[in-house]
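For the numbers below, each heavy atom of this structure counts, side chains included, while hydrogens, waters and symmetry mates do not. Each chain gets a letter, A, B and so on, in the order the sequences are listed, and its residues count up from 1.
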Protein chains: 2
Amino acid sequence: MSTSTKEYCYKYPRSALAVDCLVFGLDEDNSLKLLLIQRSQKTFKGKWALPGGFVQLDKDASLEAAARRVLRKETGIDSKGVFLEQLYTFGSEKRDPREWTTSVIYYALINLNEYKLKASTDASDVQWFVIDNLPSLAFDHTEIVEMGINRIRGKVRYQPIGFELLPKKFTLGQLQTLYETILNEKLDRRNFFRKLRKMDIFIELEEFQEGVSHRPAKLYQFDEQKYKQLKKKGFNFEI
Amino acid sequence: MSTSTKEYCYKYPRSALAVDCLVFGLDEDNSLKLLLIQRSQKTFKGKWALPGGFVQLDKDASLEAAARRVLRKETGIDSKGVFLEQLYTFGSEKRDPREWTTSVIYYALINLNEYKLKASTDASDVQWFVIDNLPSLAFDHTEIVEMGINRIRGKVRYQPIGFELLPKKFTLGQLQTLYETILNEKLDRRNFFRKLRKMDIFIELEEFQEGVSHRPAKLYQFDEQKYKQLKKKGFNFEI
DNA sequence: GCAAAAGTGTTCACCGTACACCCATGC
DNA sequence: GCATGGGTGTACGGTGAACACTTTTGC
């Protein structure tokens, strides 16, 4: 290994450029969770932090591509088809004790159960945490998480992103509980259901829940095609 | 001058890091305008582009500080007290023909008349353009402008940012015209006024418009204190 | 048969919308 | 006095909010 040969030189100093990911998932107990990794590098060693890494100019064609690569490498999540959006960019001389660092933050919404195995088998250093009981985090990651949660809370009301957290086929009860969890408020089931039905962006399946000790609920799917059509015509999703 | 001595070396290649600013202003004729500069550097020389520049690690403590410095240097605008928010970060290997470049974009809303002089006296290479008649722009700046306009259109409805574009004291008519311009739709004056009055976030002054050839309108001020209070109590601004 | 969640309809209050007439000023 | 935008109230319809009882299943 050529250890510390520094081959890439510039006329002016350059900020380090990283991407970090907020990975949110909804657990079976309806708690919203965040995926964290435990740091093994010496800076903040042992502390929990967001999965992230430096942008690699030779591998990454874009910031988003870097985020997807990092996500896969650090958590085992293949982000193909996963909802991933840019949140914000943090950059200052002090947020990383080593040097001036810029981090572009992305957030992902995934169906936690699909990815549960990979994350937990990977190592003890990747773990899901309930969002209102997070450990102390490295760098300014606590602030970043807070911003991410606020973004989701705001966005979920007027864009149909909640489905990303659920399995493809879900019950309206699950959807309601999801909204109640994220928004942290109770919703009236009858009004909620009526509102959703009126939107006409769900496919009502002829399948039902199984193995529940109560009346099984009908399963639904989000109809992305229809939503896109309606949006073009001026329809606005809103809960 | 030490021309091209390249003193700053790193183990891995680093992206160039720039900040660019979308500066929006409302002109007296109620058109929404954007401030552009004409490039003098050889890349895209002569083309119009967003004011921007590279982050200077020795001068800039943060990305936002960099944006404010650049704004002042390129357009003469002292951004103290100016509304400035991060829009998005663009980064890829291809958006700048020279090299892998990351640009953190900020957008500012200013009262155009206050800054008109500086921008126009500065040089022929800084100019206001009506947003729906922009010249062809350098780099991916057209895409960036589009995103910025969309952001404003969305944000203006549910956050009181419109006032940033008006003088401190304004008439409700000016405010209405502003909204009509940004949202590109007609609003009913009576309903609009009633809605605003009900919000109770305006100070009704005992001053009036002067020099108009019709009944002079009352002047108002946005009451930021009151807005903050109300927001804490769960009030949501909405037009 | 009991617990637990699913499913469904009606009433009421409030808010957004549509709409028309008089007022103060400059020229 | 006329043109121009400023200022105000009312009636209607639609939408969100509140609310209770019956249904299906597992145990």
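With the nearest nucleotide of DNA chain D identified for both K218(B) and R194(A), K218(B) has the one nearer the 5' end. The nearest heavy atom of DNA chain C to H214(B) and to Y220(A) marks one nucleotide each, and the one closer to the 5' end goes with Y220(A). Heavy-atom distances to DNA chain D give each of N191(B) and S213(B) a nearest nucleotide, and the one nearer the 5′ end belongs to S213(B).
Ring geometry for Y158(B) against Y158(A) counts as tilted: the plane angle lies between 30° and 60°, on a 0 to 90° scale. Y179(B) and F237(B) have tilted rings, their planes meeting at an angle from 30° to 60° on a 0 to 90° scale.
Between the CZ atom of F208(B) and the P atom of dT4(D) there is a distance of 23 Å, rounded to whole Å. E210(A) places its CD atom 18 Å from the P atom of dT24(D), with the value rounded to the nearest Å. Separating the CD atom of E238(B) from the C1' atom of dG16(C) is a distance of 11 Å, rounded to the nearest angstrom. Separating the CE atom of M199(B) from the P atom of dC15(C) is a distance of 13 Å, rounded to the nearest angstrom. Separating the CZ atom of F193(B) from the P atom of dA18(C) is a distance of 17 Å, rounded to the nearest angstrom. K198(B) has its NZ atom 11 Å from the P atom of dT17(C), to the nearest Å. Counting to the nearest Å, the P atom of dA5(C) and the CG atom of L175(A) are 17 Å from each other. Between the C1' atom of dG16(C) and the CG atom of D188(B) lies a distance of 10 Å, rounded to the nearest Å.
With respect to F170(B), the side-chain contact (heavy atoms from CB on, under 4.5 Å) criterion is satisfied by exactly one of N111(B), L175(B), L165(B): L175(B).
In this model, the phosphate group of dC15(C) is not approached by any side-chain N or O of K195(B) to a distance below 4.0 Å at OP1 or OP2. For dA18(D), neither phosphate oxygen OP1 nor OP2 lies less than 4.0 angstrom from any side-chain nitrogen or oxygen of K186(A).
Of the candidate nucleotides dT24(D), dG5(D), dA20(D), dT24(D) has the atom nearest to the side chain of P216(A).
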| message | Quick one, V104(B) with Y106(B), criterion side-chain contact (heavy atoms from CB on, under 4.5 Å). Give me CA distance, side-chain angles, the key distance, then yes/no. | response | CA-CA 7 Å; V104(B) 183; Y106(B) 283 81; 3.7 Å; yes
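You won't find any donor-acceptor pair under 3.5 Å spanning the side chain of R197(A) and the base of dT8(C), going by distance alone. Checked by distance alone, R190(B) brings a side-chain donor or acceptor within 3.5 Å of a matching partner on the base of dA20(C).
Within a 6.0 Å radius of CD in E146(A), other residues, nucleotides and ligands contribute 12 heavy atoms or fewer.
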